[in-house]
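Report on one structure; see the data block that follows.
Residue indices begin at 1 and follow the sequence shown.
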Amino acid sequence: MAASLSIGPNSLPELATLLARPAMGQVVVVTDDNTQRLCYPILRPYLPEEHSVVMLPAGEEFKTLSSCELVWNELTTQRADRFAVVVNLGGGVVTDLGGFSAALYKRGVRFVQVPTTLLAQVDASVGGKTGVDYQGFKNHIGVFQEPAGVFIDPQFLQTLDPRQLKSGYAEIVKHWLIADADAFAAGRYTGLFVEDWTPVIRASVATKEAIVAQDPLESGLRKILNFGHTVGHALESYLLTQPGREILHGEAVATGMVCESWLSVQKGLLSPEELDKIETFLFSIYEKVPFVTLETEAIADYARQDKKNAGTTINCTLLEAIGRAVYDQPITMQDVTDSLRYYQKIAQ
């Protein structure tokens with residue numbers, strides 16, 4: 001886990017304290033177009049006077065090795081040594097890509113995550129996964145590398161539009177469905193009507209950290225965190241190839257959770273009554289993701305490259321009850337296709 005985790009209004013002062021330590025070298029901040037404009041001014045007072053900034057283009061389509069080169073070029077230009085610290089200020093793309101770039105520069109320099117979206121605060125910045133997309137496949141190239149710290153300030157959520165907030169909320173719901181039935185029972189009546197996100201974020205991060213602590217390298221239990229992602233990543237990856245039809249990660253995961261909950265029923269694991277509760281809640285928040293029947297096989301084909309697979313077997317995380325997930329459940333390409341067609345039928 002991260003050497004330092006801070007959640008709440010004191011997180012940025014604690015970041016400043018960390019960066020002021022004598023052992024810390026040059027500071028390079030990684031942003032994108034959006035966080036440079038909206039979030040960097042908030043962070044700036046907590047950074048050392050001497051620091052540099054590299055700005056990436058915003059968007060999942062730029063989560064590539066080419067963008068990593070921009071980070072490596074800046075580090076090299078600044079003659080950053082092994083004591084350098086990369087500060088990743090952004091959503092999941094920036095925290096994943098910035099962490100990956102830091103992990104490879106000079107065989108690894110320290111990095112800290114300052115997540116600015118709800119998705120990154122409860123998921124992407126926590127757990128030590130870094131990486132980029134490759135040849136259209138999500139997070140295809142990456143390494144496990146824990147950050148030196150994660151500093152989560154909910155004030156950054158005020159910079160988000162409602163769609164981005166809903167996208168991040170999907171990962172909170174995922175944590176409930178795999179490990180916290182009581183939170184789901186309470187949360188499905190409040191939804192996004194949250195006055196203070198700090199306790200919600202703390203609880204969600206605690207769920208993920210407890211799982212990661214038992215299985216840091218995803219050889220077993222940690223795979224339950226992929227619930228909704230086998231079908232969700234396939235859909236997200238396919239739509240990234242369709243200009244103008246791209247969707248956010250959380251929107252894909254919400255769709256994937258409906259599909260994989262349905263598959264859980266088909267495999268005799270989850271009750272139809274619990275499926276109904278999950279569907280009712282998710283469709284009260286997320287709009288239908290449009291695709292046509294003829295596309296379902298092409299979407300499903302992306303599941304062949306899912307990182308949990310073993311050989312030709314597609315391994316999926318399913319639910320045996322709300323709050324209890326099971327990993328390494330073998331499914332077929334036809335199962336993925338059928339689940340997408342089920343989603344399309346009910347999401348009218």
Side-chain angles (χ1 to χ4, degrees), residues 2 5-9 11-16 18-19 26-49 51-64 66-75 78 84-103 110-126 129-133 139 147-169 171 197-198 201 205 246-251:
L5 171 65
S6 179
I7 302 173
S11 62
L12 295 185
E14 290 181 18
L15 169 64
L18 176 70
L19 295 178
Q26 301 103 309
V27 172
V28 175
V29 182
V30 179
T31 68
D32 64 21
D33 310 77
N34 295 326
T35 57
Q36 175 77 16
R37 184 179 78 257
L38 298 170
C39 303
Y40 176 69
I42 299 171
L43 177 66
R44 176 66 186 83
Y46 301 96
L47 296 171
E49 191 64 36
H51 68 273
S52 61
V53 180
V54 54
M55 184 177 70
L56 309 175
E60 182 76 28
E61 63 269 34
F62 298 106
K63 190 179 178 181
T64 63
S66 296
S67 294
C68 293
E69 290 186 12
L70 298 176
V71 179
W72 293 325
N73 287 343
E74 180 64 24
L75 287 164
Q78 296 299 324
V85 184
V86 176
V87 178
N88 299 312
L89 177 70
V93 171
V94 169
T95 57
D96 278 6
L97 187 151
F100 176 72
S101 300
R110 285 169 292 194
F111 64 95
V112 298
Q113 308 289 37
V114 185
T116 59
T117 66
L118 185 58
L119 181 87
Q121 290 183 354
V122 301
D123 187 58
S125 68
V126 181
K129 279 187 176 180
T130 70
V132 295
D133 303 342
N139 301 320
V150 180
F151 300 89
I152 300 173
D153 192 333
Q155 73 170 307
F156 287 120
L157 300 183
Q158 297 170 19
T159 69
L160 301 181
D161 61 35
R163 186 183 176 195
Q164 285 282 354
L165 197 67
K166 284 201 296 185
S167 176
Y169 190 67
E171 294 286 357
W197 282 100
T198 300
I201 294 168
V205 168
E246 302 91 342
I247 59 175
L248 299 178
H249 177 68
E251 295 166 341

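Considering Leu75, Val87, Thr95, Val86 as possible partners of Val30, the one that fulfils the side chain to side chain contact (heavy atoms under 4.5 Å, CB included) test is Val86.
Distance check: Leu165 CG to Leu119 CG gives 11.0 Å after rounding to the nearest 0.5 Å. The structure places CG of Leu70 at 10.5 Å from CZ of Phe62, a figure rounded to the nearest 0.5 Å. Note that CG of Leu38 and CG of Asp32 are 9.0 Å apart. Values are rounded to the nearest 0.5 Å. The CG atom of Leu18 sits 4.5 Å away from atom CZ of Phe151, with the distance rounded to the nearest 0.5 Å. Between atom OG1 of residue Thr35 and atom CZ of residue Phe156 there is a gap of 9.0 Å, rounded to the nearest 0.5 Å. In this structure, the separation between CG on Leu12 and CZ on Arg44 is 13.5 Å, given to the nearest 0.5 Å.
Under the 3.5 Å distance criterion, the side-chain polar atoms of Asp33 are matched with a main-chain donor or acceptor of Ala58. Glu171 contributes no side-chain N or O that, together with a main-chain N or O of Val122, makes up a donor-acceptor pair within less than 3.5 Å. Between the side chain of Asp133 and the backbone N or O of Asn139 there is at least one donor-acceptor pair closer than 3.5 Å. A side-chain donor-acceptor contact under 3.5 Å links Ser101 to the backbone of Leu97.
Residues Cys39 and Thr159 form a side-chain contact, since some pair of their non-hydrogen atoms from C-beta on lies under 4.5 Å apart. Counting only heavy atoms from C-beta outward, the side chains of Val112 and Leu15 approach each other to under 4.5 Å. With contacts defined as side-chain heavy-atom distances shorter than 4.5 Å, the pair Tyr40/Leu47 qualifies. With contacts defined as side-chain heavy-atom distances shorter than 4.5 Å, the pair Ile201/Leu118 qualifies.
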Checklist entry - Would His51 and Leu19 satisfy side-chain contact (heavy atoms from CB on, under 4.5 Å), going step by step from the backbone distance to the final call? => result CA-CA 11 Å; His51 68 273; Leu19 295 178; over 6 Å; no
Checklist entry - Given Val71 and Cys68, is the side-chain contact (heavy atoms from CB on, under 4.5 Å) satisfied, shown in steps? => result CA-CA 5 Å; Val71 179; Cys68 293; 5.6 Å; no
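Residues Val53 and Gln36 come closest through the heavy atom pair CG1-OE1, 3.3 Å. Nearest approach of Ser167 to Gly250, heavy atoms of both residues: OG-N, 2.9 Å. Glu14 approaches Ser6 most closely through the heavy-atom pair OE1-OG, 3.0 Å. Across every non-hydrogen atom of Gly99 and Asn88, the tightest pair is N-ND2, 3.3 Å. Of all heavy-atom pairs between Val150 and Pro115, the closest is CG1-CD, 4.4 Å. Nearest heavy atoms, Ser11 versus Asp153: OG-CB, 3.3 Å.
Listed by chain and number, the residues in a side-chain contact (heavy atoms from CB on, under 4.5 Å) with Gln78 are Ser52, Glu74 (sequence neighbours excluded).
Taking the six-membered ring where tryptophan is involved, the planes of Phe100 and Trp72 are tilted, since the angle between them lies from 30° to 60°.
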